[in-house]
Amino acid sequence: MAAALLLLLLLLVPPVGLLAALAFLTRPRAARIPLKGRHFFITGGSSGIGLALATAAAREGARVSILARNAARLEDARAAIRLATGQDVGVHQADVRDAAAVASALDAAGPVDVLVCNHGVFVAQELEKQDMEEVKWMVDINLMGTFHLIKAALPAMKARTRETSLPASIAIMSSQAGQVGVYGYTAYSASKFALTGLAESLQHEVVSDDIHVSLIFPPDTETPGLVEEKKKRPELTTIIADSSGGMKADDVAMKALTGIKSGRFIIPCNFEGAMLAIATSGLTPQSSPLIAFVEVIGAGLMRFVALCFQWNWFSTIENWCAKNKKHG
């Protein structure tokens with residue numbers, strides 16, 4: 001009996017010790033971001049994930065504002081949210097590429113407690129074939145548009161956290177193509193990978209203001225944008241992308257909102273996303289000792305799994321190219 005207890009103790013001490021060390025090391029400290037009665041401002045809020053997130057936040061009692069380019073779709077979204085929740089929302093028309101228009105919209109909306117940078121565009125094509133204006137279009141919206149929003153919102157957000165003594169959130173919608181490069185997504189992945197550097201650095205800059213940054217990594221999601229993208233993307237992109245399961249916009253929104261409320265830096269949306277989050281955790285901030293424990297323990301295994309995925313993708317590319325050369 002004594003020997004069994006000693007063995008159990010020896011087995012438990014290393015994990016317990018590691019968890020204790022991680023509880024000390026993990027930063028920023030975990031936070032709960034309340035939504036009820038607070039201002040929730042989201043871009044791309046007229047359809048897809050953005051509309052689903054805006055609706056979910058309104059259901060939780062947030063004062064919601066949505067921003068998009070199309071005035072008619074904004075009004076349709078406002079009516080849909082009102083019908084689903086009984087809550088009215090503020091609507092703001094602007095192109096996120098226009099820094100002045102974004103600043104004007106945020107000024108009209110008032111100080112924000114939870115800012116969700118959900119806008120994004122994507123066109124899958126091999127870089128050699130893709131027009132550089134299309135590349136610039138994606139970078140301007142996905143990356144520069146995010147800079148414009150955060151830059152415009154930050155001063156009032158900082159003042160708001162001092163006034164309310166409540167933590168705030170800046171959430172950025174990335175993509176699983178912002179965690180791993182995929183054939184045909186050279187430009188899109190570049191615009192999304194850049195958001196990780198933005199978010200990591202920004203978290204350092206705003207942690208003392210009790211503002212928590214989140215990066216959301218959805219897979220292919222059933223949205224109007226995906227329908228259009230699938231019409232044009234290369235066959236190889238479809239083969240590789242289809243190896244990861246897709247999701248519905250409402251399901252992504254619930255995963256995202258749960259992560260935002262928990263102040264999580266990395267928010268994966270499905271099992272593949274969780275694996276990618278462990279495999280690519282690197283120097284990303286982590287507020288949960290438990291998730292940090294899984295990252296530390298699972299990093300080596302996930303590297304092996306990642307190499308298996310890469311082997312499969314490269315084999316798919318080699319076989320596809322060999323087949324098309326033979327028939328070409």
Side-chain angles (χ1 to χ4, degrees), residues 39-54 64-71 73-74 77 90-109 112 114-124 130-157 168-179 185-203 205-206 211 213-218 221 223-226 228-229 249 252-253 256 260 267:
H39 189 192
F40 184 98
F41 188 104
I42 183 167
T43 59
S46 62
S47 65
I49 296 171
L51 177 57
L53 262 169
V64 174
S65 296
I66 58 176
L67 180 145
R69 286 175 293 176
N70 188 296
R73 287 174 67 180
L74 277 168
V91 296
H92 303 274
Q93 184 184 6
D95 187 325
V96 295
R97 293 174 293 178
D98 185 337
V102 167
S104 178
L106 280 160
D107 186 56
V112 174
V114 178
L115 175 69
V116 184
C117 305
N118 170 69
H119 56 276
V121 292
F122 53 110
V123 177
Q130 196 156 41
D131 187 87
M132 284 306 296
E133 283 303 310
E134 198 165 59
V135 173
K136 185 176 183 299
W137 175 68
M138 280 187 272
V139 172
D140 282 348
I141 292 175
N142 298 349
L143 178 59
M144 294 309 300
T146 303
F147 273 111
H148 293 158
L149 277 153
I150 295 170
K151 179 85 171 171
L154 258 183
M157 286 189 80
S169 170
I170 296 174
I172 300 169
M173 191 65 67
S174 184
S175 163
Q176 284 185 4
Q179 294 173 289
Y185 279 173
T186 305
Y188 179 63
S189 283
S191 72
K192 291 295 188 176
F193 266 78
L195 295 175
T196 298
L198 186 167
E200 289 183 7
S201 301
L202 180 66
Q203 183 61 92
E205 295 178 11
V206 300
I211 298 174
V213 179
S214 294
L215 270 171
I216 306 160
F217 292 103
T221 304
T223 64
L226 181 66
E228 291 304 310
E229 190 258 352
V252 170
I260 290 168
I267 305 176

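Computation of the quantities below employed the complete heavy-atom set of this structure, encompassing side-chain atoms and omitting hydrogens, waters and symmetry-equivalent molecules.
- Taking the side chain as every heavy atom from C-beta outward, Phe147 and Val102 never approach each other to under 4.5 Å.
- Annotation for Ala52 and Ala253: closest pair CB-CB, 3.6 Å, computed over non-hydrogen atoms.
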Next on the checklist: Using the rule given for side chain to side chain contact (heavy atoms under 4.5 Å, CB included), can you reason through Arg97 versus Trp137, listing the C-alpha separation, both sets of side-chain angles and the distance that settles it, and then say yes or no?
Outcome noted: CA-CA 9 Å; Arg97 293 174 293 178; Trp137 175 68; 3.3 Å; yes
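- A distance of 11.0 Å separates CG in Leu195 from CE in Met173, rounded to the nearest 0.5 Å.
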Checklist entry - Given Tyr185 and Lys192, is the side chain to side chain contact (heavy atoms under 4.5 Å, CB included) satisfied, shown in steps? => result CA-CA 10 Å; Tyr185 279 173; Lys192 291 295 188 176; over 6 Å; no
Checklist entry - Can you list the steps and then say if Ile216 with Ile49 is a side chain to side chain contact (heavy atoms under 4.5 Å, CB included)? => result CA-CA 11 Å; Ile216 306 160; Ile49 296 171; over 6 Å; no
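- Under the 3.5 Å distance criterion, the side-chain polar atoms of Ser104 are left unmatched by any main-chain donor or acceptor of Ala100.
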Checklist entry - Is there a side chain to side chain contact (heavy atoms under 4.5 Å, CB included) between Arg69 and Asp95 once you walk through the steps? => result CA-CA 5 Å; Arg69 286 175 293 176; Asp95 187 325; 3.8 Å; yes
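- A side chain to side chain contact (heavy atoms under 4.5 Å, CB included) with Val116 is found for exactly one of Leu53, Ile170, Leu149, namely Leu53.
- To the nearest 0.5 Å, the span separating OG1 on Thr43 from CD1 on Ile172 amounts to 10.0 Å.
- A distance of 13.5 Å separates NZ in Lys136 from OG in Ser191, rounded to the nearest 0.5 Å.
- For Ser174 against Pro218, the heavy-atom pair with the smallest separation is O-CD, 3.6 Å.
- Under the side chain to side chain contact (heavy atoms under 4.5 Å, CB included) test applied with Ile42, the options Ile66, Val112, Leu67 reduce to a single match, Ile66.
- Side chain of Ser189 to main chain of Ala177: a donor-acceptor pair is present (N/O by atom type, distance under 3.5 Å, no hydrogens or angles).
- Closest heavy-atom contact between Met157 and Ser169: CE-O, 3.4 Å.
- Between the NE2 atom in His92 and the CG atom in Leu106 there is a gap of 8.0 Å [rounded to 0.5 Å].
- Of all heavy-atom pairs between Asn142 and His119, the closest is O-NE2, 4.1 Å.
- Distance check, rounded to the nearest 0.5 Å: CG of Leu115 to OG of Ser65 gives 10.5 Å.
- Summarising the geometry of Ser46 relative to Ala77, their closest heavy-atom pair is CA-CB, 3.7 Å, with the distance given to 0.1 Å.
- For the pair Asp140 (side chain) and Gly145 (backbone), a donor-acceptor distance under 3.5 Å is absent.
- The aromatic rings of Tyr188 and Phe122 are tilted relative to each other, their planes meeting at an angle between 30° and 60°.
- Heavy atoms only, all atoms of each residue included: Val213 and Ala199 are closest at CG1-CB, 3.7 Å.
- Distance check: Leu215 CG to Cys117 SG gives 10.0 Å after rounding to the nearest 0.5 Å.
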